[in-house]
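Below is one structure, written out as C-alpha coordinates; comments come after it.
Along the sequence shown, the residues carry numbers beginning at 1.
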Amino acid sequence: MTTGLFISFEGIDGAGKSSHIEGLAQAFRDQGRVVTLTREPGGTPLAEKLRALMLHDAMDPLTEALIAFAARRDHLVQVIEPALARGEVVISDRFTDATFAYQGAGRGFDWDQLSILERMAQTGTALQADLTQNFMREPDMTLWFDLPAEVAAERLATARVPDRFEAQPGEFFARVAQGYARRAQAAPQRFVRIDANNSRHAVWQQITQAVIRKGWLAFMVGNKP
Ligand SMILES: Nc1ncnc2c1ncn2[C@@H]1O[C@H](COP(=O)(O)OP(=O)(O)O)[C@@H](O)[C@H]1O
Ligand SMILES: Cc1cn([C@H]2C[C@H](O)[C@@H](COP(=O)(O)OP(=O)(O)O)O2)c(=O)[nH]c1=O
(Lines give C-alpha, C1' and ligand atoms only; values in the text may rest on other atoms or scores of the structure.)
(Ligands and ions follow the chains in the order given, each with its own letter.)
Protein backbone atom coordinates (compact mmCIF):
# COMPACT_ATOMS: atom_id res chain seq x y z
CA MET A 1 0.00 0.00 0.00
CA THR A 2 1.17 3.58 -0.74
CA THR A 3 2.59 5.43 2.22
CA GLY A 4 0.79 8.55 3.32
CA LEU A 5 2.50 11.91 2.96
CA PHE A 6 1.94 14.99 5.07
CA ILE A 7 2.97 18.38 3.66
CA SER A 8 2.32 21.74 5.31
CA PHE A 9 2.42 25.23 3.78
CA GLU A 10 3.68 27.96 6.11
CA GLY A 11 4.58 31.64 6.03
CA ILE A 12 3.28 35.03 7.08
CA ASP A 13 -0.07 36.27 5.77
CA GLY A 14 0.30 37.36 2.14
CA ALA A 15 3.39 35.20 1.47
CA GLY A 16 1.64 33.45 -1.43
CA LYS A 17 0.66 30.05 0.04
CA SER A 18 -2.94 29.99 -1.17
CA SER A 19 -1.82 30.85 -4.71
CA HIS A 20 -0.02 27.49 -5.01
CA ILE A 21 -1.61 24.98 -2.68
CA GLU A 22 -4.29 23.78 -5.11
CA GLY A 23 -1.67 23.55 -7.87
CA LEU A 24 0.41 21.16 -5.79
CA ALA A 25 -2.66 19.12 -4.89
CA GLN A 26 -3.52 18.82 -8.59
CA ALA A 27 0.04 17.82 -9.47
CA PHE A 28 -0.24 14.89 -7.04
CA ARG A 29 -3.69 13.96 -8.40
CA ASP A 30 -2.32 14.05 -11.96
CA GLN A 31 0.21 11.44 -10.88
CA GLY A 32 -2.44 9.16 -9.41
CA ARG A 33 -2.42 10.14 -5.73
CA VAL A 34 -5.50 10.83 -3.63
CA VAL A 35 -5.15 14.21 -1.93
CA THR A 36 -6.75 15.61 1.20
CA LEU A 37 -6.40 19.37 0.99
CA THR A 38 -7.08 21.01 4.32
CA ARG A 39 -6.21 23.99 6.51
CA GLU A 40 -5.55 25.22 10.03
CA PRO A 41 -7.06 26.46 12.11
CA GLY A 42 -9.91 24.36 10.75
CA GLY A 43 -10.38 21.26 8.64
CA THR A 44 -13.25 19.76 10.67
CA PRO A 45 -16.66 21.20 11.67
CA LEU A 46 -15.48 21.67 15.27
CA ALA A 47 -12.11 23.13 14.29
CA GLU A 48 -13.77 25.53 11.84
CA LYS A 49 -15.87 26.88 14.74
CA LEU A 50 -12.67 27.35 16.76
CA ARG A 51 -11.09 29.07 13.74
CA ALA A 52 -13.91 31.63 13.67
CA LEU A 53 -13.30 32.39 17.37
CA MET A 54 -9.55 32.68 16.88
CA LEU A 55 -9.80 34.96 13.88
CA HIS A 56 -12.47 37.30 15.17
CA ASP A 57 -12.70 37.33 19.00
CA ALA A 58 -10.22 39.11 21.28
CA MET A 59 -8.44 36.79 23.75
CA ASP A 60 -5.16 36.44 25.63
CA PRO A 61 -2.18 34.54 24.14
CA LEU A 62 -2.66 31.39 26.26
CA THR A 63 -6.31 31.11 25.26
CA GLU A 64 -5.30 31.62 21.64
CA ALA A 65 -2.63 28.90 21.85
CA LEU A 66 -5.00 26.45 23.56
CA ILE A 67 -7.67 27.01 20.93
CA ALA A 68 -5.11 26.48 18.15
CA PHE A 69 -4.03 23.17 19.65
CA ALA A 70 -7.59 22.05 20.45
CA ALA A 71 -8.52 22.65 16.82
CA ARG A 72 -5.36 20.83 15.70
CA ARG A 73 -6.09 17.80 17.88
CA ASP A 74 -9.56 17.41 16.39
CA HIS A 75 -8.17 17.93 12.88
CA LEU A 76 -5.51 15.27 13.42
CA VAL A 77 -7.87 12.70 14.89
CA GLN A 78 -10.76 13.25 12.47
CA VAL A 79 -9.03 14.03 9.19
CA ILE A 80 -5.23 13.90 8.99
CA GLU A 81 -4.50 10.53 10.62
CA PRO A 82 -7.26 8.63 8.80
CA ALA A 83 -6.14 10.10 5.45
CA LEU A 84 -2.50 9.17 6.10
CA ALA A 85 -3.58 5.68 7.15
CA ARG A 86 -5.36 5.35 3.77
CA GLY A 87 -2.09 6.28 2.04
CA GLU A 88 -3.24 9.71 0.88
CA VAL A 89 -1.29 12.91 0.45
CA VAL A 90 -2.39 15.41 3.09
CA ILE A 91 -1.62 19.02 2.25
CA SER A 92 -2.42 21.49 4.99
CA ASP A 93 -2.48 25.26 4.67
CA ARG A 94 -0.60 25.85 7.98
CA PHE A 95 0.08 23.53 10.93
CA THR A 96 1.94 23.78 14.25
CA ASP A 97 4.77 26.02 13.02
CA ALA A 98 2.11 28.73 12.70
CA THR A 99 1.35 28.49 16.42
CA PHE A 100 5.03 28.93 17.27
CA ALA A 101 5.33 31.82 14.81
CA TYR A 102 2.07 33.67 15.64
CA GLN A 103 1.30 32.86 19.29
CA GLY A 104 4.99 32.32 20.21
CA ALA A 105 7.08 34.87 18.30
CA GLY A 106 4.16 37.19 17.39
CA ARG A 107 2.24 37.36 20.66
CA GLY A 108 5.16 36.51 22.95
CA PHE A 109 3.76 33.27 24.40
CA ASP A 110 6.44 31.04 25.95
CA TRP A 111 8.19 28.84 23.35
CA ASP A 112 8.89 25.94 25.76
CA GLN A 113 5.28 25.82 26.90
CA LEU A 114 4.21 25.65 23.27
CA SER A 115 6.53 22.66 22.85
CA ILE A 116 4.72 20.93 25.72
CA LEU A 117 1.33 21.62 24.15
CA GLU A 118 2.67 20.44 20.78
CA ARG A 119 3.67 17.10 22.26
CA MET A 120 0.35 16.70 24.06
CA ALA A 121 -1.75 17.52 21.01
CA GLN A 122 0.23 15.56 18.44
CA THR A 123 0.91 12.37 20.39
CA GLY A 124 -1.44 9.40 20.54
CA THR A 125 -3.41 10.46 17.47
CA ALA A 126 -2.05 7.80 15.11
CA LEU A 127 -3.82 4.48 14.76
CA GLN A 128 -0.55 2.56 14.50
CA ALA A 129 1.55 0.96 17.21
CA ASP A 130 3.25 4.37 17.39
CA LEU A 131 1.10 4.93 20.44
CA THR A 132 3.53 3.01 22.61
CA GLN A 133 6.57 4.90 21.33
CA ASN A 134 5.40 8.37 22.21
CA PHE A 135 5.34 9.13 18.47
CA MET A 136 4.57 12.76 17.71
CA ARG A 137 2.90 13.55 14.38
CA GLU A 138 4.67 16.20 12.32
CA PRO A 139 4.61 17.06 8.60
CA ASP A 140 7.00 15.09 6.38
CA MET A 141 7.80 18.36 4.65
CA THR A 142 7.05 21.99 5.41
CA LEU A 143 7.17 24.44 2.52
CA TRP A 144 8.05 27.72 4.19
CA PHE A 145 7.20 30.78 2.09
CA ASP A 146 9.75 33.30 3.24
CA LEU A 147 8.86 36.88 2.32
CA PRO A 148 9.80 40.19 3.99
CA ALA A 149 6.88 41.48 6.06
CA GLU A 150 6.75 44.76 4.13
CA VAL A 151 6.39 42.98 0.77
CA ALA A 152 3.60 40.78 2.17
CA ALA A 153 1.84 43.89 3.51
CA GLU A 154 2.01 45.54 0.08
CA ARG A 155 0.53 42.44 -1.55
CA LEU A 156 -2.27 42.24 1.01
CA ALA A 157 -3.11 45.96 0.94
CA THR A 158 -5.28 45.50 -2.13
CA ALA A 159 -6.13 41.84 -1.70
CA ARG A 160 -8.73 41.29 1.06
CA VAL A 161 -10.49 42.50 4.20
CA PRO A 162 -8.07 41.82 7.10
CA ASP A 163 -8.92 39.39 9.93
CA ARG A 164 -7.66 39.86 13.52
CA PHE A 165 -4.14 38.72 12.56
CA GLU A 166 -3.90 40.47 9.21
CA ALA A 167 -4.87 43.73 10.93
CA GLN A 168 -1.71 43.60 13.09
CA PRO A 169 1.07 46.16 12.52
CA GLY A 170 4.19 45.42 10.47
CA GLU A 171 6.35 44.72 13.55
CA PHE A 172 4.05 41.83 14.45
CA PHE A 173 4.70 40.15 11.09
CA ALA A 174 8.42 40.83 11.32
CA ARG A 175 8.37 38.87 14.62
CA VAL A 176 6.22 36.11 13.09
CA ALA A 177 8.71 35.82 10.22
CA GLN A 178 11.54 35.46 12.75
CA GLY A 179 9.52 32.76 14.51
CA TYR A 180 9.31 30.78 11.28
CA ALA A 181 13.06 31.21 10.75
CA ARG A 182 13.67 29.85 14.26
CA ARG A 183 11.49 26.80 13.63
CA ALA A 184 13.22 26.21 10.27
CA GLN A 185 16.62 26.35 11.89
CA ALA A 186 15.54 23.78 14.50
CA ALA A 187 14.22 21.30 11.89
CA PRO A 188 16.29 21.71 8.69
CA GLN A 189 15.44 18.18 7.50
CA ARG A 190 11.71 18.99 7.48
CA PHE A 191 11.73 22.61 6.27
CA VAL A 192 12.18 23.72 2.68
CA ARG A 193 12.63 27.47 2.37
CA ILE A 194 10.81 28.93 -0.60
CA ASP A 195 12.08 32.37 -1.58
CA ALA A 196 8.62 33.88 -2.03
CA ASN A 197 9.96 37.26 -3.15
CA ASN A 198 9.76 36.07 -6.74
CA SER A 199 7.29 35.77 -9.60
CA ARG A 200 4.50 33.22 -9.19
CA HIS A 201 6.18 31.02 -11.77
CA ALA A 202 9.56 31.10 -9.99
CA VAL A 203 7.85 30.24 -6.69
CA TRP A 204 6.02 27.34 -8.32
CA GLN A 205 9.30 26.00 -9.72
CA GLN A 206 10.85 25.99 -6.26
CA ILE A 207 7.85 24.08 -4.88
CA THR A 208 7.88 21.39 -7.57
CA GLN A 209 11.66 21.01 -7.38
CA ALA A 210 11.44 20.39 -3.63
CA VAL A 211 8.82 17.67 -4.06
CA ILE A 212 10.56 16.08 -7.03
CA ARG A 213 13.87 16.04 -5.11
CA LYS A 214 12.17 13.94 -2.44
CA GLY A 215 11.02 11.49 -5.09
CA TRP A 216 7.36 12.15 -4.26
CA LEU A 217 6.50 13.46 -7.73
CA ALA A 218 7.99 12.62 -11.10
CA PHE A 219 9.22 15.43 -13.35
CA MET A 220 6.28 17.51 -14.54
CA VAL A 221 5.93 19.14 -17.92
CA GLY A 222 3.83 22.28 -18.30
CA ASN A 223 2.32 22.00 -14.85
CA LYS A 224 2.17 25.58 -13.76
CA PRO A 225 -0.65 27.37 -11.97
N1 LIG B 1 4.63 35.69 -6.50
C2 LIG B 1 3.75 36.67 -6.34
N3 LIG B 1 4.00 37.92 -6.73
C4 LIG B 1 3.11 38.93 -6.54
N5 LIG B 1 1.91 38.78 -5.92
C6 LIG B 1 1.59 37.56 -5.49
C7 LIG B 1 2.48 36.44 -5.66
N8 LIG B 1 1.89 35.34 -5.12
C9 LIG B 1 0.69 35.74 -4.62
N10 LIG B 1 0.50 37.07 -4.85
C11 LIG B 1 -0.65 37.90 -4.45
O12 LIG B 1 -0.43 38.26 -3.08
C13 LIG B 1 -1.65 38.18 -2.33
C14 LIG B 1 -1.48 37.18 -1.19
O15 LIG B 1 -1.29 35.86 -1.75
P16 LIG B 1 -1.91 34.56 -1.07
O17 LIG B 1 -1.59 33.40 -1.95
O18 LIG B 1 -3.37 34.80 -0.72
O19 LIG B 1 -1.05 34.51 0.29
P20 LIG B 1 -1.26 33.68 1.63
O21 LIG B 1 -2.16 32.54 1.32
O22 LIG B 1 0.13 33.24 1.99
O23 LIG B 1 -1.82 34.66 2.63
C24 LIG B 1 -2.74 37.81 -3.33
O25 LIG B 1 -3.37 38.98 -3.77
C26 LIG B 1 -1.97 37.13 -4.46
O27 LIG B 1 -2.64 37.28 -5.70
C1 LIG C 1 -2.75 27.58 12.35
C2 LIG C 1 -2.62 28.94 12.98
C3 LIG C 1 -2.98 30.10 12.29
N4 LIG C 1 -2.88 31.30 12.88
C5 LIG C 1 -3.29 32.52 12.14
C6 LIG C 1 -2.46 32.84 10.92
C7 LIG C 1 -3.41 33.54 10.01
O8 LIG C 1 -3.33 34.94 10.24
C9 LIG C 1 -4.80 33.08 10.45
C10 LIG C 1 -5.55 32.24 9.44
O11 LIG C 1 -4.70 31.69 8.53
P12 LIG C 1 -4.99 31.62 6.97
O13 LIG C 1 -5.87 30.45 6.71
O14 LIG C 1 -3.68 31.67 6.29
O15 LIG C 1 -5.79 32.94 6.64
P16 LIG C 1 -6.44 33.33 5.25
O17 LIG C 1 -7.55 32.37 4.99
O18 LIG C 1 -6.90 34.72 5.55
O19 LIG C 1 -5.33 33.24 4.22
O20 LIG C 1 -4.60 32.31 11.66
C21 LIG C 1 -2.40 31.43 14.18
O22 LIG C 1 -2.30 32.54 14.71
N23 LIG C 1 -2.04 30.29 14.87
C24 LIG C 1 -2.14 29.05 14.33
O25 LIG C 1 -1.80 28.04 15.00
Between Asn198 and Asp195 (side chain of the first, backbone of the second, donor and acceptor by atom type, cut-off under 3.5 Å), is there such a pair?
yes
Flag side-chain contact, heavy atom, 4.5 Å: Leu37 against Glu22
yes
Please set out all donor-acceptor pairs under 3.5 angstrom arising from side-chain atoms of residues 177-184, sequence neighbours excluded.
unit_1: Tyr180; atom_1: OH; unit_2: Glu10; atom_2: OE1; d: 2.6
unit_1: Tyr180; atom_1: OH; unit_2: Arg94; atom_2: NH1; d: 3.1
unit_1: Arg183; atom_1: NE; unit_2: Asp97; atom_2: OD1; d: 2.7
unit_1: Arg183; atom_1: NH2; unit_2: Asp97; atom_2: OD1; d: 3.1
unit_1: Arg183; atom_1: NH2; unit_2: Glu118; atom_2: OE2; d: 3.0

Do Phe9 and Val35 share a hydrophobic cluster, counting only Ile, Leu, Val, Met, Phe, Trp and Tyr and linking them when any side-chain heavy atoms are less than 4.5 Å apart?
yes
Closest approach of Ile12 and Leu147, non-hydrogen atoms and distance?
CD1-O, 3.4 Å
Which pair of heavy atoms, one from Ala105 and one from Trp111, lies closest together, and at what distance?
N-CZ3, 4.0 Å
Report the C-alpha distance between Leu76 and Gln122 in whole Å, list the side-chain angles of each, state the deciding distance to 0.1 Å, and finish with yes or no for side-chain contact (heavy atoms from CB on, under 4.5 Å).
CA-CA 8 Å; Leu76 274 168; Gln122 292 163 224; 3.7 Å; yes
Beyond-backbone contact of Pro82 with Gln78, side-chain heavy atoms, under 4.5 angstrom:
no
Are the charged groups of Arg137 and Glu81 less than 4.0 angstrom apart, N to O?
yes
Between Thr208 and Gln205 (side chain of the first, backbone of the second, donor and acceptor by atom type, cut-off under 3.5 Å), is there such a pair?
yes
Among residues two or more places apart or on two chains, list those pairs meeting ring pair (Phe, Tyr, Trp, His ring centres under 6.0 Å) that have a residue in residues 64-85.
none
For Ala47 and Gly42 the tightest heavy-atom approach is CB-O, 3.4 Å
Taking it one step at a time, do Glu88 and Thr36 satisfy side-chain hydrogen bond (donor to acceptor under 3.5 Å, both in side chains)?
CA-CA 7 Å; Glu88 296 179 12; Thr36 290; 2.6 Å; yes
Residues two or more places apart in sequence or in another chain: which of them pass side chain to side chain donor-acceptor pair (under 3.5 Å) with Ser92?
none
Applying side chain to side chain donor-acceptor pair (under 3.5 Å), can you list everything that pairs with Glu64, at least two apart in sequence or on another chain?
Gln103, Arg107, Arg164
Taking atom CD of Gln189 as the centre, report whether more than 12 heavy atoms of other residues, nucleotides or ligands fall under 6.0 Å from it.
yes
Could you report the tightest heavy-atom contact between Arg73 and Thr125, atom names first, then the distance?
NH1-CG2, 3.2 Å
Phe109 and Met54: same hydrophobic cluster, using ILVMFWY side-chain contacts below 4.5 Å?
no
Within one Ile-Leu-Val-Met-Phe-Trp-Tyr cluster: Leu66 and Leu114, side-chain cutoff 4.5 Å
yes
Could you tell me which residues satisfy ring-ring contact (aromatic ring centres under 6.0 Å, His included) with Phe6, sequence neighbours excluded, listed by chain and number?
Phe95
To the nearest 0.5 Å, what is the distance between CG (Asp140) and CG (Leu84)?
7.5 Å
Show the numbers, then the answer: is there a side-chain contact (heavy atoms from CB on, under 4.5 Å) between Thr99 and Arg72?
CA-CA 10 Å; Thr99 314; Arg72 180 160 305 126; 2.9 Å; yes
Heavy-atom closest pair, residues Thr38 and Gly43
OG1-CA, 3.4 Å
Indicate, with yes or no, if Phe191 and Met141 share a hydrophobic cluster defined by side-chain heavy-atom contacts under 4.5 Å among Ile, Leu, Val, Met, Phe, Trp and Tyr.
no
Met59 atom CE: more than 12 heavy-atom contacts under 6.0 Å
yes
Any side-chain heavy-atom pair of Ile91 and Ile21 under 4.5 Å
yes
Salt bridge (Lys or Arg N to Asp or Glu O under 4.0 Å): which pairs involve residues 42-62, sequence neighbours left out?
Arg39-Glu48
According to a 4.5 Å side-chain heavy-atom criterion applied to Ile, Leu, Val, Met, Phe, Trp and Tyr, with indirect links allowed, do Val151 and Val203 form part of one hydrophobic cluster?
no
Any side-chain heavy-atom pair from Asp13 and Phe172 closer than 4.5 angstrom?
no
Here the gap from Gln206 atom CD to Asp146 atom CG, rounded to the nearest 0.5 Å, amounts to 10.0 Å
Are Leu5 and Phe28 packed together at the side-chain level, in the sense that at least one heavy-atom pair is separated by less than 4.5 angstrom?
yes
Within-4.5 Å side-chain heavy-atom neighbours: Phe165 and Leu55
yes
Over all atoms of both residues, closest heavy-atom pair of Leu117 and Ala65:
CD1-CB, 4.5 Å
To the closest 0.5 Å, what do you measure between CG (Leu50) and CD1 (Ile67)?
6.0 Å
Using the six-membered ring wherever Trp is involved, compare the ring planes of Trp204 and His20 and label them parallel, tilted or perpendicular (cut-offs 30° and 60°).
parallel
Spacing of CZ belonging to Arg190 relative to OG1 belonging to Thr142, to within rounding of 0.5 Å
4.0 Å
Are side-chain heavy atoms of Ile207 and Leu24 found at a separation under 4.5 Å?
yes
With no hydrogens and no angle check, is any side-chain donor or acceptor of Arg33 less than 3.5 Å from a backbone partner on Gly87?
yes
Answer yes or no: is there a side-chain heavy-atom contact under 4.5 Å between Phe145 and Asn197?
no
Determine, stepwise, if the pair Glu138 / Thr96 fulfils side-chain hydrogen bond (donor to acceptor under 3.5 Å, both in side chains).
CA-CA 8 Å; Glu138 288 188 284; Thr96 303; over 6 Å; no
How long is the gap from NZ on Lys17 to OG on Ser8, to the nearest 0.5 Å?
11.0 Å
